[in-house]
Enquirer: 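Dropping a structure here in structure tokens format, bear with me for questions.
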Amino acid sequence: MILLLILEFILISSDMMRWQPPIFQFYAIVLIYTIKPKYFKYYLIVLLSATYFYSGLNKINLRFINFIWAKSILIDLFGFSSDFAFSKLVKALGFILPIIELFAGLLILSKYRKIGFFTVIGIHVFILLYISPLGLNINSAVWSWNIIMIFYALAFLKQNTIDKPKFKIVEKSWVVLLYVLPILNLFEYYYPYFAFDLYSGSRYYLYVKTTSPDETDVSTLNIDNWSRKNLNVPFTHSHFLFKRFIKSYSKTYPNSNALFEISCYPFKTREKYSG
């Protein structure tokens, strides 16, 4: 197990695109099981609660409504017209989804835990229908993770009581990691996926513009589209990662004369860089 963790850490250290939510959750679970195996179920349910709470909270924005709810779900998945999907009433209804997810995260820590986990199961069944071959056939890297999350919910539905540890240093650190640090992502000072910023709509887009040797043809590449097509995951909408990509690209292709443009939602500001 230790060797597996070391090898996985080496892999994710060499490529930040591997810093996906399942990896973060995997390391957190292994860490807490190693430190506090007796109260593992309690720590796991707190981790799940934080996942749904912040995943819902991060979706309460117009990026989610316009890109995920209206465009991806209503138009691409269900085939509704643009006029319908982008109408004010339908867009407003889209906020119901993140609010349900947020409250599901809170409910699983309360005496209404079963209601919360039934809601969670419904959420993951819908996500699987949405991203699997039955739907849009996208982001295959997280198919198995969604299935695992359903099994977690089913397991906790059978638990009537969960032993709670005393609130000491480990417990305080766990709360800071899962509930305090993710707040920083709201101000862009934390890695989005470690803050459970999932399917919330991209905050930034990176474009690479290249010119043919004879300067007669200019091509523009959306890095998020490239990532989805080649890596099966969206490019993490992190300004820090975009800067690292630009630096790496310029180093790998020093004679490309590429131009880079970072566009920030709602696309009124653009940053431009040369390779």
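For clarity, every value in this text was computed on a predicted model and none was experimentally measured.
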Enquirer: Can a donor-acceptor pair be found between the side chains of S256 and T210 at a distance below 3.5 Å?
Expert: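 S256 vs T210: no donor-acceptor pair found between side chains.
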
Enquirer: Does a sphere of radius 6.0 Å around CG in D163 hold more than 12 heavy atoms from other residues, nucleotides or ligands, not counting ones at 6.0 Å or beyond?
Expert: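 No, not enclosed.
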
Enquirer: I'd like to know if the side chain of T252 reaches the main chain of S248, judged simply by a donor and an acceptor atom lying under 3.5 Å from each other, with no hydrogens or angles considered.
Expert: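 Confirmed, T252 side chain pairs with S248 backbone.
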
Enquirer: Are the charged groups of K166 and E171 less than 4.0 angstrom apart, N to O?
Expert: no

Enquirer: Checking side-chain polar atoms at under 3.5 Å, does Y190 have a donor or acceptor matched by the opposite partner on D197?
Expert: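 Result is no, nothing qualifies.
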
Enquirer: Could you tell me whether the side chains of W145 and Q25 share a donor-acceptor contact shorter than 3.5 Å?
Expert: yes

Enquirer: Short question: side chain of K158, backbone of L154 - any donor-acceptor pair under 3.5 Å?
Expert: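 Not confirmed, K158 side chain does not pair with L154 backbone.
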
Enquirer: Are the side chain of S81 and the backbone N or O of F84 linked by a donor-acceptor pair below 3.5 Å?
Expert: yes

Enquirer: Between N61 (side chain only) and F64 (backbone N and O only), is there a donor and an acceptor less than 3.5 Å apart?
Expert: yes

Enquirer: Do L57 and L177 sit in one hydrophobic cluster, given that two such residues count as connected whenever their side-chain heavy atoms are within less than 4.5 Å of each other, even indirectly?
Expert: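 L57 clusters together with L177.
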
Enquirer: Looking at W174 and Y43, would you say the former's side chain and the latter's main chain have a donor-acceptor pair under 3.5 Å?
Expert: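 Indeed, once roles are kept as given, a pair shorter than 3.5 Å links the two residues.
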
Enquirer: Might you confirm whether atom CZ of F118 has over 12 heavy atoms from other residues, nucleotides or ligands at distances under 6.0 Å?
Expert: no

Enquirer: Is it the case that atom CZ in F187 sees more than 12 heavy atoms from other parts of the structure closer than 6.0 Å?
Expert: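 It does not: F187 CZ has 12 such atoms or fewer within range.
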
Enquirer: My understanding is that only one of L107, L109, V120, L178 makes a side chain to side chain contact (heavy atoms under 4.5 Å, CB included) with S49; could you say which?
Expert: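 Filter result, single survivor: L109.
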
Enquirer: Would Y33 and Y39 show up in the same hydrophobic cluster when neighbours are defined by side-chain heavy atoms closer than 4.5 Å?
Expert: yes

Enquirer: Do L129 and I147 belong to the same hydrophobic cluster, where Ile, Leu, Val, Met, Phe, Trp and Tyr are linked whenever their side-chain heavy atoms lie under 4.5 Å apart, directly or via other members?
Expert: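 Same cluster: L129 reaches I147 through Ile, Leu, Val, Met, Phe, Trp or Tyr contacts under 4.5 Å.
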
Enquirer: Looking only at side-chain N and O atoms, does Y130 offer a donor or acceptor that is under 3.5 Å from a partner on S72?
Expert: yes

Enquirer: Verify, without hydrogens or angle tests, whether W69 (side chain) and L97 (backbone) share a donor-acceptor contact under 3.5 angstrom.
Expert: no

Enquirer: Parallel, tilted or perpendicular: which fits the ring planes of F235 and F245, with parallel below 30° and perpendicular above 60°?
Expert: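 Judged by the thresholds at 30° and 60°, the geometry between F235 and F245 is perpendicular.
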
Enquirer: Using a 3.5 Å distance criterion without hydrogens, assess whether the side chain of N225 forms a donor-acceptor pair with backbone atoms of L221.
Expert: no

Enquirer: Does the side chain of F242 reach to within under 4.5 Å of the side chain of T236, using non-hydrogen atoms?
Expert: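 Answer no - side chains too far apart.
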
Enquirer: Can you say whether the rings of Y253 and Y249 are parallel (under 30°), tilted (30 to 60°) or perpendicular (over 60°)?
Expert: tilted

Enquirer: Can you find a heavy atom in the side chain of K243 that is under 4.5 Å from one in the side chain of F240?
Expert: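 Contact flag for K243/F240 side chains = no.
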
Enquirer: Kindly work out whether a path of hydrophobic side-chain contacts (I/L/V/M/F/W/Y, heavy atoms less than 4.5 Å apart) joins L93 to F80.
Expert: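 Different hydrophobic clusters.
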
Enquirer: Would you find more than 12 non-hydrogen atoms of other residues, nucleotides or ligands less than 6.0 Å from F103 atom CZ?
Expert: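 Result for CZ/F103: open.
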
Enquirer: Could you check if a side-chain atom of I246 sits within less than 4.5 angstrom of a side-chain atom of I262, using non-hydrogen atoms only?
Expert: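 With C-beta onward as the side chain, the pair touches.
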
Enquirer: Between Y152 and H124, is the ring centre distance below 6.0 Å?
Expert: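 No, the ring centres sit 6.0 Å or more apart.
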
Enquirer: Step through it carefully: locate the ring centre of H237, locate the ring centre of Y204, and say whether they are under 6.0 Å apart.
Expert: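 Between H237 and Y204, the centre distance exceeds or equals 6.0 Å.
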
Enquirer: Is a side-chain N or O of R113 found less than 3.5 angstrom from the main chain of I108, in a donor-acceptor match?
Expert: no

Enquirer: Does the side chain of K114 come within less than 4.5 Å of N160's, by heavy atoms?
Expert: yes

Enquirer: Could you tell me if S87 and K91 have a donor-acceptor pair between their side chains, going purely by distance under 3.5 Å?
Expert: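 Side chains of K91 and S87: no pair found under 3.5 Å.
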
Enquirer: Indicate whether any N or O donor in one side chain lies under 3.5 Å from an N or O acceptor in the other, for Y265 and N66.
Expert: yes

Enquirer: Is it the case that one hydrophobic cluster holds both F86 and L77, taking links as side-chain heavy atoms less than 4.5 Å apart, direct or via other members?
Expert: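 In one cluster with F86: L77, no.
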
Enquirer: Quick one: are I131 and N137 in side-chain contact, heavy atoms under 4.5 Å?
Expert: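 I131 does not reach N137 side chain to side chain.
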
Enquirer: Taking the inter-plane angle between the rings of Y179 and Y54 on a 0 to 90° scale, is it parallel (under 30°), tilted (30 to 60°) or perpendicular (over 60°)?
Expert: tilted

